[in-house]
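Report on one structure; see the data block that follows.
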Amino acid sequence: MKNKIINIAVIAHVDAGKSTLVDAFLQQSGVFRENQEVVNQVMDSNDIERERGITIYSKNCSVMHNGIKINIVDTPGHADFSSEVERIMKTVDTVILLVDSIEGPMPQTRFVLQKSLQQGLRPILLINKIDKKNHRAEEVVDMVFDLFVELNATDEQLDFPILYGVAKQGIVQYELDQPSENIIPLFDTIINHVNPYPDRDDEDLQLQVSSLAYDDYIGRLGIGRVTAGIIREGQTVSVAKSDGSVEKQKISNIFIYEGLKRIQVSEAQSGDIVVISGISNISIGDAICNENRVIPMETIKIDEPTLSMNFLINTSPFVGMSGKFVTTRHLKARLEKELEVNVGLRVESLEGALDGYKVSGRGELHLSILLENMRREGYEIAVSRPEVILHKEDGVVKEPIERVIINVPEIYSGSVISKLNIRKGIMESMSPDGNYVKIVYLVPTRGLLGYRTELINDTRGEGTIVRSFDHYEKFKGEIPQRQNGVLISNEQGEAIAYSLNSIEERGTLFIGPGEEVYEGMVIGMNARNEDIVVNPCKGKKQSNTRSSGADDAIKLSPPRIMTLESALEFINDDELVEVTPDSIRIRKRYLTEMERRKQGNKLKTNNDN
C-alpha cells in the first residue's frame with residue numbers, strides 16, 4: 001500500500017528553537033528507544049553546530065503519525081546559509097514558521113517567510129517560548145500578520161493556523177490558555193492543514209536535486225523530492241542539466257529517511273525525499289527523468305556570493321609546526337572537495353606571485369565555518385581581509401546593502417548611530433524596547449566588516465546585532481578602515497613578561513608571557529593610529545642590585561583572545577590571519593620592516609603616477 005507523505009520544513013531566525021522543536025517531533029513519535037540516551041539538538045550533528053548552537057547544514061529526518069509519513073527538514077536560520085533554505089522550499093508542502101514570543105519577527109524571519117510565500121506554501125505559525133514571564137505572544141501574532149501583509153501574502157496564506165508552544169518541553173497548544181502536555185496539536189494541525197502528496201506513481205519520472213551531500217565510499221549524493229513517477233535502483237535515467245544539455249546516467253543506490261537514519265531501498269515513490277548515488281557530476285537544479293522522456297523543470301537559482309577572501313599557503317616562520325596539510329596542492333584538493341557540496345562557494349586561482357585561491361561565499365560566517373573545518377582537519381592557511389563583491393548593472397557599480405537590527409542600552413545609542421553613519425549607513429527606525437533601544441539601519445556590507453567587535457567595545461558587551469542581506473545599491477564611496485595601528489614584533493622567540501609590561505602601556509596585547517612570536521607578527525593593538533615595531537622577547541639584564549628573576553611580581557592585564565571571526569574582522573589590507581590547528585595569529589603581509597617600507601614606497605609611487 002502506498003504511504004501517505006507530507007513534507008514540512010521548520011523555518012525561523014537563529015535561536016528561535018528550530019532544532020529543539022525537531023527534537024520534540026522525534027522524541028514523541030517513538031523514533032528513540034525508551035532507554036536510548038539522546039542529546040539535545042540531535043539534528044545539529046556537526047561539531048561546530050553543537051559548539052555555536054546554530055544550524056549550518058539543512059538536514060532531513062522523518063516521523064510517522066496516524067499512518068502518514070512526515071518528512072521534516074531542519075533549516076539553517078543564519079543569513080549566510082539562506083540559499084539552502086530557498087532550495088528546500090521546492091521540496092516541501094508546508095512550513096512551520098517559528099517565532100520567539102519576546103523577539104517577534106527578525107530579519108531572517110522575513111527572508112525565510114518571503115521564500116515560502118513565493119513558492120505558494122501556506123505556513124503554520126508557532127509562537128515559541130511562551131513559558132517566559134515577559135512574553136508578548138498576542139502582540140507577536142499581530143506583528144507576524146503585518147509581515148505577511150507586507151510580503152503580499154494571498155488571502156489563503158493569510159488564513160494561517162496559529163499555535164503556541166514551548167519546544168524545549170515538547171509542548172504545543174491551540175490557545176494560550178489551553179494547556180497541553182505534548183506536541184500532538186502540531187501533528188494534527190499539519191495533517192488538517194495540508195493534504196498528503198497526491199499519488200503520481202503512474203506518471204513519468206521527475207526529480208529535481210535540491211541539495212548535495214558527499215560520502216567517502218559512494219561519492220557525490222543528490223537529494224531531492226520525487227515529484228512524479230517511481231525511481232528504481234539500477235535504473236538508467238536522463239539528467240537534464242541547467243545549461244540545457246541532457247546526459248544518460250545510471251542510479252546506483254537509493255536511500256530514504258526513517259527517523260534519523262538513511263535507509264537503502266530498491267525504489268522510492270512520488271512525494272518522498274530521496275538520496276541517490278551513482279551520478280558523479282550531479283548538481284543543484286538537475287532534473288532526473290525517464291531515459292526516453294525528458295521533462296525539464298524550472299531551474300533553481302543559487303544566490304551569488306557577496307564576499308571573497310584570498311586563501312594563501314602559510315609562509316610564516318612557524319609553518320608546519322602544528323598542521324599536516326601546508327602545500328598549495330593540499331589546499332587545492334580540499335577546496336575542490338568543498339565545492340562538491342557547498343554550492344554557494346566559488347573558487348578561482350590567484351594570478352601573479354600569490355600562491356593560493358580567491359574563495360567567494362555568502363558572508364563572513366559562511367567562509368569562517370569553512371576555515372574552521374579546515375583548521376580542525378589539520379590545514380594551515382593564511383587568509384586576507386574579506387572583500388565585498390561589487391556588481392555592475394548598466395554601467396553602474398552596485399554593492400550589497402544589509403538590514404541591521406541593533407539592540408543597545410539607551411546610553412550607548414549615540415555612539416552606535418555615529419559609528420554607523422560614518423560607515424555610510426541610513427537609519428530606518430529607532431524605537432524603545434524595554435530598557436533598550438532598537439535601531440534599524442541599512443548599511444553597506446563593506447561598512448559592517450569589523451563592526452561587531454567595535455559594537456561590543458562601545459556598548460560594554462551589552463549590544464546585540466542581527467544582520468541580513470537586503471538589496472544592491474549604487475556604490476557608496478570610501479568607508480574608513482580600522483582607526484588603530486598595531487604592535488608588531490621585531491624578534492622571533494618567547495614573549496617575556498618584563499618587555500610585555502612596558503609594551504602594554506602602548507595599547508592592548510593579544511599575547512601573554514611564554515607565547516612564541518616571530519618577526520612581523522601582530523602582538524597587539526596600538527592605542528594610536530600608527531603601527532609600532534616592538535620587541536616582546538627582551539629580558540631584564542641581571543645587575544649587582546637585582547637578579548633577572550625579580551620580575552615575577554609583574555602583573556599584566558589578560559590578553560585579548562582573538563577568535564577566527566574577530567581576527568578576520570580586525571585585520572587591514574596589509575595584514576593576514578594565520579590559521580593553524582592550534583592557534584590563530586595575526587601577521588603583517590610583509591614580515592620584515594624593510595619589506596614593508598619597500599612596499600609602502602611602491603604604493604606611494606603608483607598613487608603619484
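Side chains are part of it too, since the values below use all heavy atoms of this structure and drop only hydrogens, waters and symmetry mates. We number each residue from 1, following the sequence as shown.
- In terms of the side-chain hydrogen bond (donor to acceptor under 3.5 Å, both in side chains) criterion, residue partners of Asp458 (sequence neighbours excluded) are, by chain and number, Lys419.
- Applying the salt bridge (charged side-chain N to carboxylate O under 4.0 Å, His left out) test to every pair with at least one member in residues 483-507, sequence neighbours left out, gives no pairs at all.
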Residues 440-450 side chain polar contacts: donor-acceptor under 3.5 Å, at least two apart:
from: Tyr441; atom 1: OH; to: Asn421; atom 2: OD1; distance (Å): 2.8
from: Thr445; atom 1: OG1; to: Pro400; atom 2: O; distance (Å): 3.3
from: Thr445; atom 1: OG1; to: Glu402; atom 2: OE2; distance (Å): 3.1
from: Arg446; atom 1: NE; to: Glu399; atom 2: OE1; distance (Å): 2.6
from: Arg446; atom 1: NH1; to: Gly477; atom 2: O; distance (Å): 3.0
from: Arg446; atom 1: NH2; to: Glu399; atom 2: OE1; distance (Å): 3.4
from: Arg446; atom 1: NH2; to: Glu399; atom 2: OE2; distance (Å): 3.1
from: Arg446; atom 1: NH2; to: Gly477; atom 2: O; distance (Å): 2.7

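- Tyr436 is linked by a ring-ring contact (aromatic ring centres under 6.0 Å, His included) to nothing, counting only residues two or more places apart in sequence or in another chain.
- Here the CG-CD distance, from Asn484 to Glu530, works out to 10.5 Å after rounding to the nearest 0.5 Å.
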Quiz: residues 317-327 side-chain donor-acceptor pairs under 3.5 angstrom, not counting sequence neighbours:
from: Ser322; atom 1: OG; to: Asp582; atom 2: OD1; distance (Å): 3.2
from: Thr327; atom 1: OG1; to: His330; atom 2: N; distance (Å): 3.3
from: Thr327; atom 1: OG1; to: His330; atom 2: ND1; distance (Å): 3.0

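- Within the 3.5 Å criterion, the main-chain N or O of Asn310 finds a donor-acceptor partner in the side chain of Ser384.
- Of the possible polar contacts, none joining the Asp531 side chain to the Gly485 backbone as a donor-acceptor pair under 3.5 Å is found.
- With sequence neighbours excluded, the residues forming a side chain to side chain contact (heavy atoms under 4.5 Å, CB included) with Arg375 are Glu372, Val579, Ile584, listed by chain and number.
- Judged as a salt bridge (charged side-chain N to carboxylate O under 4.0 Å, His left out), and not counting sequence neighbours, the contacts of Glu593 are Arg597.
- Ser557 OG to Leu500 CG: the interatomic distance, rounded to the nearest 0.5 Å, is 11.0 Å.
- Under a 3.5 Å cut-off, the side chain of Arg220 and the backbone N or O of Leu212 do not form any donor-acceptor pair.
- Every salt bridge (charged side-chain N to carboxylate O under 4.0 Å, His left out) that Arg585 has, sequence neighbours left out, goes to Glu578.
- For Thr563, the side chain to side chain contact (heavy atoms under 4.5 Å, CB included) partners are Glu565, Ser566, not counting sequence neighbours.
- The residues Lys337 and Glu377 are annotated as not salt-bridged, no charged nitrogen and carboxylate oxygen being separated by less than 4.0 angstrom.
- Under the salt bridge (charged side-chain N to carboxylate O under 4.0 Å, His left out) criterion, Glu478 pairs with no residue, sequence neighbours left out.
- A distance-only check finds no donor-acceptor pair linking the side chain of Arg346 to the backbone of Gly361 [under 3.5 Å].
- Looking at residues two or more places apart in sequence or on another chain, you find a salt bridge (charged side-chain N to carboxylate O under 4.0 Å, His left out) between Lys476 and Glu473.
- The ring-ring contact (aromatic ring centres under 6.0 Å, His included) check on Phe311 picks up nothing, with sequence neighbours excluded.
- A donor-acceptor pair under 3.5 Å is formed between the side chain of Ser101 and the backbone N or O of Lys129.
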